[in-house]
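To start, the structure itself, in structure tokens.
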Amino acid sequence: KKRSFLRMDEQLREWWKLRYGKDVPRDAYVEILSSLQGHHESGPNWQKKCNSSLDKHGWIAPFHEPCLYRRQRGEDDEVNMQPDQLMSRQIDDMLFAIKGDASDLGRSEFEKCVNELKEDMDIEWEEGIAKHYNGIEIDQRREYIAMNVAIYLTKIMENHGWENMKFSSSKPSAPLSEQLAKEIAKAGKGFLINTPEGMALEAKMGFGYRCLLGELIFACVVCRLDIAYALSLLARYGQYPLEMHYIALKGVAKYCRETRDKPLIYWRQTPLEGLPAGDFVPYDIPDDLDFSFPEDPYLANADVDASHATDEETRKSTGGYIVYLFASAVIWLAKLQPTAAISSTEAEFMQAVSCGKCIKYCRNVMNGVGRNQMDPSPVREDNMAAIMMINQQRPTKRTRHIDTQWFAIQEWKTMGDLVMEYVNTKSNSADGLTKALGRVLHGRHANKAMGLYGSPYSFGKYKIPREKE
């Protein structure tokens, strides 16, 4: 077995004394017994150590998602099946989902889990139920679980000196106005960001374009899908932004500042006693908005859409989809398609295939944690021609030129993995991921996807009809 040693310089000697309370001779060598942070072997070594401990205590990760774990608890003393335990892990941060009674909300089971893992790993738990996880604020209530990034967004504003700045007299109604989005599409590219002209523009605007873009992308990825399209468009100019791109990105930051508390909500099927009552009041539902979700809340389902030839330079289309569980978004995407489509129907067809890949992934994960996907997953599309193309089991005059890989969705449909359904554009929330919309349409799409109208799976005043009567 190979052994490694480290020579102690002055800085390491000072650290050693602070850590262990004793001196080490100058230029002494000490043996390295554990991985050093930043070393290329540290990550694989930690993964091996962590998974070894988790395997020992019955935590199994599904094949398709190695950072999500399930532990089956079997029967209790009265021969009743106990609920499974779930755990999400990011490096050494772990979030447990453990069902308990109203008296301790699973606290005793949680402590037991942590104490088992402490036999092999140096970890500590936080008091009380989870309230935050890797930058996400978690508000657990009797009726729902709400997530937001309000504290994170506040820090961004403070770091840029915008917390108390008055951007304009009016509050933003959407992250990106329709008019500004059109101007951006036509304006093209500016100077490379690291050229003298690019650096002069950055100095003039007072903030780093890519810095702010990256900060906002994190918020979008974890729960703020309402800014996904705006960031997708502005990210295309990360290397060569114009002044209008800076202005638009700062406008997205303004929108986030004014809506920093906007949550992504997952509604419970029954109230969880022992938790405080929720204070969130669901928004009023528009009269013409449909909630065509499947009967089974654990069945993955999706909205998908595409806007044809929106990129002025390449004529590629912008596609988007939202995957739901319990009528709230769990996965979303807004992205320029990899190839140019000849028609809007072809763009919608290709985006449905991309969405189908994500649906298959989600179904595999759900099967892996015991939430078996018994029925085909509905994929809602607002283009009937694209639906008919998918339902065809052979090439037609309209599809013979399309690359073979895109026809996989026909096989997925035949195998029962998904089923295409028509949805009106006004009720297709993925529409908001493919183009800039006005206040009303942007709001209704984002609010539906983020669970802000309530849920067809919830109870009492929070329950909404699954379909329009």
Side-chain angles (χ1 to χ4, degrees), residues 135 148-262 307 310-314 316 318 320 333-336 432-439 442-443 446:
N148 67 63
V149 284
I151 294 177
Y152 173 77
L153 291 173
T154 298
K155 289 180 179 178
I156 292 177
M157 300 304 131
E158 291 175 347
N159 290 340
H160 289 282
W162 299 339
E163 175 61 15
N164 299 311
M165 178 183 291
K166 186 175 181 181
F167 287 103
S168 66
S169 58
S170 61
K171 288 188 176 182
S173 57
L176 190 65
S177 71
E178 296 174 87
Q179 182 59 37
L180 184 54
K182 291 178 181 178
E183 293 175 1
I184 288 172
K186 293 179 180 179
K189 303 174 181 178
F191 293 104
L192 275 171
I193 204 164
N194 57 355
T195 61
E197 295 86 354
M199 290 187 286
L201 179 58
E202 180 175 311
K204 175 185 175 182
M205 301 308 297
F207 65 94
Y209 187 85
R210 289 180 293 181
C211 175
L212 180 59
L213 182 66
E215 291 169 340
L216 294 179
I217 284 176
F218 173 81
C220 173
V221 167
V222 296
C223 66
R224 290 302 299 269
L225 61 90
D226 52 329
I227 61 174
Y229 172 72
L231 297 183
S232 171
L233 176 61
L234 295 171
R236 299 170 200 171
Y237 306 96
Q239 285 288 91
Y240 19 67
L242 291 166
E243 184 171 343
M244 70 167 56
H245 299 135
Y246 278 92
I247 294 172
L249 188 59
K250 193 171 181 179
V252 178
K254 171 188 175 182
Y255 170 83
C256 289
R257 187 187 74 173
E258 300 302 321
T259 61
R260 73 186 77 187
D261 294 318
K262 192 169 188 175
S307 292
T310 51
D311 187 74
E312 293 285 340
E313 181 180 2
T314 64
K316 293 179 181 178
T318 301
L333 175 109
K335 187 177 181 180
L336 206 63
L433 302 184
T434 65
K435 62 179 73 71
L437 299 172
R439 177 183 62 84
H442 175 269

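The figures that follow rest on heavy atoms only: side chains count, while hydrogens, waters and symmetry mates do not.
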| field | Interatomic distance, Cys211 atom SG to Ile156 atom CD1 [nearest 0.5 angstrom] | value | 8.5 Å
| said: When you compare the side chain of Pro175 with that of His442, does any pair of heavy atoms fall below 4.5 Å? | reply: yes
| Considering residues, nucleotides and ligands other than Phe191, do more than 12 of their heavy atoms fall under 6.0 Å from its CZ? | no
| query | Going from CD1 on Ile247 to CE on Met244, what distance comes out if it is rounded to the nearest 0.5 angstrom? | reply | 7.5 Å
| request: Report the C-alpha distance between Leu233 and Leu336 in whole Å, list the side-chain angles of each, state the deciding distance to 0.1 Å, and finish with yes or no for side-chain contact (heavy atoms from CB on, under 4.5 Å). | output: CA-CA 8 Å; Leu233 176 61; Leu336 206 63; over 6 Å; no
| field | Nearest-0.5 Å distance, NZ of residue Lys335 to OG1 of residue Thr434 | value | 16.0 Å
| field | Least distance between heavy atoms, Gly135 atom then Val149 atom | value | O-CG1, 3.7 Å
| query | With distance as the sole test, does Tyr240 use its side chain to make a donor-acceptor pair with the main-chain N or O of Gly188 at under 3.5 Å? | reply | no
| query | CG/Asn148 to CZ/Arg224 distance, rounded to the nearest 0.5 angstrom? | reply | 8.5 Å
| Using 4.0 Å as the upper bound for N to carboxylate O, is an ion pair formed by Arg236 and Glu313? | no
| task | Just say parallel, tilted or perpendicular for the rings of Tyr209 and Tyr246, cut-offs at 30° and 60°. | result | perpendicular
| said: Looking at Ala334, is its backbone amide N or carbonyl O close enough to the side chain of Ser232 to form a donor-acceptor pair, meaning the two atoms are under 3.5 Å apart? | reply: yes
| request: Give a yes or no on whether the backbone of Tyr255 and the side-chain of Thr259 come within a donor-acceptor separation of less than 3.5 Å. | output: yes
| Non-hydrogen atoms of Gly438 and Glu178 that approach each other most closely | N-OE2, 3.4 Å
| Of the non-hydrogen atoms in Ala253 and Met157, which two are nearest, and what is the gap between them? | O-CE, 3.5 Å
| Leu242 and His245: side-chain contact (heavy atoms from CB on, under 4.5 Å), yes or no, with the steps? | CA-CA 5 Å; Leu242 291 166; His245 299 135; 3.6 Å; yes
| Test side-chain contact (heavy atoms from CB on, under 4.5 Å) applied to Tyr237 and Ile184, step by step | CA-CA 10 Å; Tyr237 306 96; Ile184 288 172; 3.7 Å; yes
| remark: CG of Leu212 to CG of Leu249, rounded to nearest 0.5 Å, is 4.0 Å
| task | Taking all non-hydrogen atoms of both residues into account, name the closest pair between Ala248 and Leu180 and its distance. | result | CB-CD2, 3.6 Å
| query | So, do Leu433 and Thr318 sit near enough that their side-chain heavy atoms are less than 4.5 Å apart? | reply | no
| message | I'd like to know if the side chain of Arg257 and the backbone of Trp162 have a donor-acceptor N/O pair within less than 3.5 Å. | response | yes
| message | Within the supplied structure, the quantity of interest is the number of heavy atoms (other residues, nucleotides, ligands) at a distance under 6.0 Å from Ile151 CD1; does it exceed 12? | response | no
| task | Take Lys250 and Met205 through the side-chain contact (heavy atoms from CB on, under 4.5 Å) test and state the conclusion after the steps. | result | CA-CA 10 Å; Lys250 193 171 181 179; Met205 301 308 297; 6.0 Å; no
| Could Glu163 and Arg260 be called an ion pair, given the rule that one side-chain N must be under 4.0 Å from one carboxylate O? | yes
| remark: Separation between SG (Cys256) and CD1 (Ile227), nearest 0.5 Å, reads 4.0 Å
